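Structure, as structure tokens:
Just so it is clear, the structure is predicted and the values come from calculations on it, not from any experiment.
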Amino acid sequence: MSQTHLFQQQFETYSTEVFGASPQELRRSLEKADNKAIAVLVKTSTADWADQFSALTGLTKKEVYPILGISQATVSRSRGSNAKPSLELVDRAFQGIELFARTAALLDREQVGAWLSSPKQHLDGQAPYQLLQTATGRERLKRYLESLEAVTYG
């Protein structure tokens with residue numbers, strides 16, 4: 001199986017696990033900034049959804065909340081409610097899951113959480129999960145993963 005096919009297959013699986021929707025459906029809704037479509041596609045509360053993201057990635061909730069741009073207080077308020085994630089939150093998590101799937105295509109899934117949490121010399125000593133907190137950081141991590149793919153599969 002090619003690395004690209006493996007990445008796409010894992011991205012589909014992880015997107016469905018966390019969002020309950022395919023990456024294609026979510027991408028279309030995010031590109032249109034369609035809040036109504038996002039509310040229909042994402043069926044769980046912000047708290048449940050943050051828990052799923054943490055479980056998927058192997059990152060702690062303390063590491064996940066800044067990636068998603070939420071606080072512990074936000075999660076606590078949404079627990080037991082029908083509060084849906086915001087468009088920005090879904091977008092950040094969508095990009096995070098895409099990068100997680102790309103990483104999982106390079107490593108075993110069980111190794112990804114530890115890899116994301118470990119500082120990397122080529123990332124100026126930052127742990128990859130820290131880069132997931134900003135759009136610029138996510139782009140830098142994507143380029144770094146693409147360079148690893150080129151070395152591994154090129």
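- Residues forming a side-chain contact (heavy atoms from CB on, under 4.5 Å) with Lys32 (at least two apart in sequence, or on another chain): Asp34.
- Taking CG of Leu68 as the reference point, atom OG1 of Thr46 lies at 9.5 Å (rounded to 0.5 Å).
- Annotation: ring-ring contact (aromatic ring centres under 6.0 Å, His included) contacts involving residues 88-110, sequence neighbours excluded, comprise Phe11-Phe94, Tyr14-Phe100.
- Here CZ of Arg77 is found 5.5 Å from OG of Ser71. Values are rounded to the nearest 0.5 Å.
- Checking Gln95 against Asp91 by side-chain atom types alone, a donor-acceptor pair falls below 3.5 Å.
- For the atom pair Gln130 CD and Ser117 OG, the distance stands at 9.0 Å (nearest 0.5 Å).
- Between Ser118 and Pro128, the shortest heavy-atom distance links the atoms O-CD, 3.2 Å.
- Applying the side-chain contact (heavy atoms from CB on, under 4.5 Å) rule to Ser22 yields the partners Glu12, Gln24, Glu25; only residues at least two apart in sequence or on another chain are considered.
- The minimum heavy-atom distance linking Val18 with Gln52 is given by the pair O-OE1, 2.9 Å.
- Distance CG/Leu30 to CG/Asn35: 9.5 Å, rounded to 0.5 Å.
- The 12-atom threshold is not exceeded at CD of Glu88, counting heavy atoms of other residues, nucleotides or ligands nearer than 6.0 Å.
- Here the straight-line distance linking atom CG of Leu116 with atom CG of Leu107 works out to 8.5 Å at 0.5 Å rounding.
- Here the CG atom belonging to Leu59 is positioned 12.5 Å from the OH atom belonging to Tyr65, to the nearest 0.5 angstrom.
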List the steps, then state whether salt bridge (charged side-chain N to carboxylate O under 4.0 Å, His left out) holds for Arg102 with Glu149.
CA-CA 9 Å; Arg102 189 174 294 278; Glu149 290 168 352; 3.0 Å; yes
Please report the C-alpha distance between Arg79 and Asp48 in whole Å, then the side-chain angles of each, then the deciding distance to 0.1 Å, and finally whether the side-chain contact (heavy atoms from CB on, under 4.5 Å) criterion is met.
CA-CA 7 Å; Arg79 232 177 252 297; Asp48 294 337; 4.2 Å; yes
Start with the C-alpha distance between Thr57 and Val112, add both sets of side-chain angles, then the distance that settles side-chain contact (heavy atoms from CB on, under 4.5 Å), and finish with yes or no.
CA-CA 7 Å; Thr57 61; Val112 176; over 6 Å; no
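- Residue pairs meeting the ring-ring contact (aromatic ring centres under 6.0 Å, His included) criterion with at least one member in residues 109-148, sequence neighbours excluded, do not occur.
- Partner Glu98 forms a salt bridge (Lys or Arg N to Asp or Glu O under 4.0 Å) with one of Arg27, Lys142, Arg138 and no other, that one being Arg27.
- Judged by distance alone, with hydrogens and angles left aside, the side-chain atoms of Thr103 form a donor-acceptor pair with the main-chain N or O of Leu99 at under 3.5 Å.
- Considering only residues two or more places apart in sequence or on other chains, Ser15 meets the side-chain contact (heavy atoms from CB on, under 4.5 Å) condition with Phe19, Pro23, Leu26.
- Contact detail for Gln133 and Ile67: the closest heavy-atom pair is CG-N, 4.0 Å.
- Between the side chain of Gln10 and the backbone N or O of Ala105, at least one donor-acceptor pair lies under 3.5 Å.
- Scored by the side-chain contact (heavy atoms from CB on, under 4.5 Å) test, Asp124 finds Arg140 as partners (sequence neighbours excluded).
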